[in-house]
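Have a look at the structure below, then the notes.
From a predicted model like this one, the values you see are computed outputs, not experimental measurements.
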Amino acid sequence: MMTCEQCLSELTTGSLREMSSDSPVMLHCASCPDCSHLTTLLRDREYNAANVLNSLPPMSNPVTLAETSVRTAQRRRIGNVVVMLSGAALVVTIWLAAANTIIPAMNSSEMGARKTLRTETISLQCLSPQQAADVISPYIREAGSTYYLPTSGISAITVRGSPGELAKARDLIKQFEPDAGAACRAPVASLGKLMDQLAEAQSGVRQSAPVSGKTPTAPKK
């Protein structure tokens with residue numbers, strides 16, 4: 001007869017489905033309640049395991065699995081390319097929108113700011129208002145640009161023009177203020193010229209005066 005230890009050894013290495021009813025293990029379990037209970041538990045576990053395995057989906061073919069992996073990788077690469085192309089298209093769209101709307105608007109705004117006329121009164125140190133007008137007149141040419149001369153004797157000139165014209169007028173007036181022909185220097189030059197003329201006249205009178213002790217003869221008739 002088989003002992004319990006031998007029965008347990010056979011159950012550890014064998015399967016109950018492969019054992020017939022007249023096998024030594026089955027005969028021992030018929031007479032041993034402990035081994036019979038253990039055999040019943042093992043049979044239930046094998047049955048449950050078989051049901052679990054039967055419910056699992058069939059294993060895929062390795063070739064099919066490899067093809068599926070390749071297709072998945074291709075789809076991912078195509079997706080990355082599509083994302084990059086979409087990003088590039090978005091950048092181009094933004095650039096075109098900026099080129100067609102934002103940049104022209106900025107240029108128009110800048111040109112408008114340049115053409116905006118401003119009025120500024122420039123004080124004069126030595127030039128007269130008319131002299132300042134003569135200097136800046138060729139450069140005040142944009143539409144609406146002009147200059148105004150004071151009528152009350154104030155030493156200043158008022159210029160209306162673009163920022164560029166105003167800057168040019170200031171530079172020209174500053175450049176010609178030290179000129180020798182400026183109005184503030186004209187009286188001094190005129191006085192010097194008058195003194196020279198007076199000196200020449202006095203010299204001529206001395207040369208034509210009679211010599212002392214002689215009586216001038218009357219002109220002959």
Side-chain angles (χ1 to χ4, degrees), residues 1-121 139 141-145 159-171:
M1 290 291 294
M2 178 176 287
T3 63
C4 292
E5 293 180 358
Q6 293 174 344
C7 180
L8 292 176
S9 179
E10 288 292 334
L11 291 174
T12 303
T13 58
S15 175
L16 290 176
R17 290 180 299 177
E18 297 177 356
M19 297 180 183
S20 60
S21 58
D22 57 349
S23 63
V25 174
M26 293 301 176
L27 293 176
H28 174 76
C29 290
S31 60
C32 180
D34 294 334
C35 292
S36 177
H37 180 67
L38 179 60
T39 304
T40 301
L41 294 176
L42 290 175
R43 184 181 291 108
D44 293 340
R45 289 185 179 181
E46 288 185 357
Y47 177 77
N48 293 333
N51 289 335
V52 172
L53 292 175
N54 291 332
S55 63
L56 293 176
M59 295 295 293
S60 300
N61 189 349
V63 177
T64 304
L65 183 61
E67 292 177 352
T68 303
S69 300
V70 171
R71 287 195 298 269
T72 303
Q74 290 178 347
R75 289 174 182 174
R76 289 178 180 175
R77 287 195 295 269
I78 293 173
N80 292 334
V81 173
V82 171
V83 171
M84 292 177 61
L85 292 177
S86 300
L90 179 62
V91 172
V92 172
T93 302
I94 294 174
W95 186 85
L96 291 176
N100 293 328
T101 57
I102 299 176
I103 295 178
M106 293 176 62
N107 292 335
S108 299
S109 177
E110 184 177 357
M111 291 179 64
R114 289 181 178 178
K115 291 185 178 180
T116 300
L117 299 182
R118 302 177 184 177
T119 303
E120 180 178 343
T121 299
Y139 303 93
R141 294 299 183 183
E142 291 189 8
S145 298
V159 183
R160 178 174 176 80
S162 66
E165 289 178 325
L166 294 179
K168 185 65 175 179
R170 288 193 298 268
D171 292 342

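- Heavy atoms only, all atoms of each residue included: L117 and S162 are closest at CD2-N, 3.7 Å.
- For the residue pair C32 and C4, the shortest heavy atom distance occurs at SG-SG, 3.7 Å.
- Listed for the E165 side chain is a donor-acceptor partner under 3.5 Å among the backbone atoms of E142.
- Residues satisfying the side-chain contact (heavy atoms from CB on, under 4.5 Å) test with T72, not counting sequence neighbours, are T68, R76.
- Of the possible polar contacts, one joining the T93 side chain to the A89 backbone as a donor-acceptor pair under 3.5 Å is found.
- By the side-chain contact (heavy atoms from CB on, under 4.5 Å) test, R77 is found to be paired with A73, Q74, residues two or more places apart in sequence or in another chain being considered.
- By the side-chain contact (heavy atoms from CB on, under 4.5 Å) test, S23 is found to be paired with M19, S20, V25, M26, residues two or more places apart in sequence or in another chain being considered.
- Legend: residues meeting side-chain hydrogen bond (donor to acceptor under 3.5 Å, both in side chains) with T119, ordered by chain and number and at least two apart, are R160.
- Here the CG atom belonging to L166 is positioned 11.0 Å from the CG atom belonging to D171, to the nearest 0.5 angstrom.
- With sequence neighbours left out, L38 forms a side-chain contact (heavy atoms from CB on, under 4.5 Å) with L8, L11, L42.
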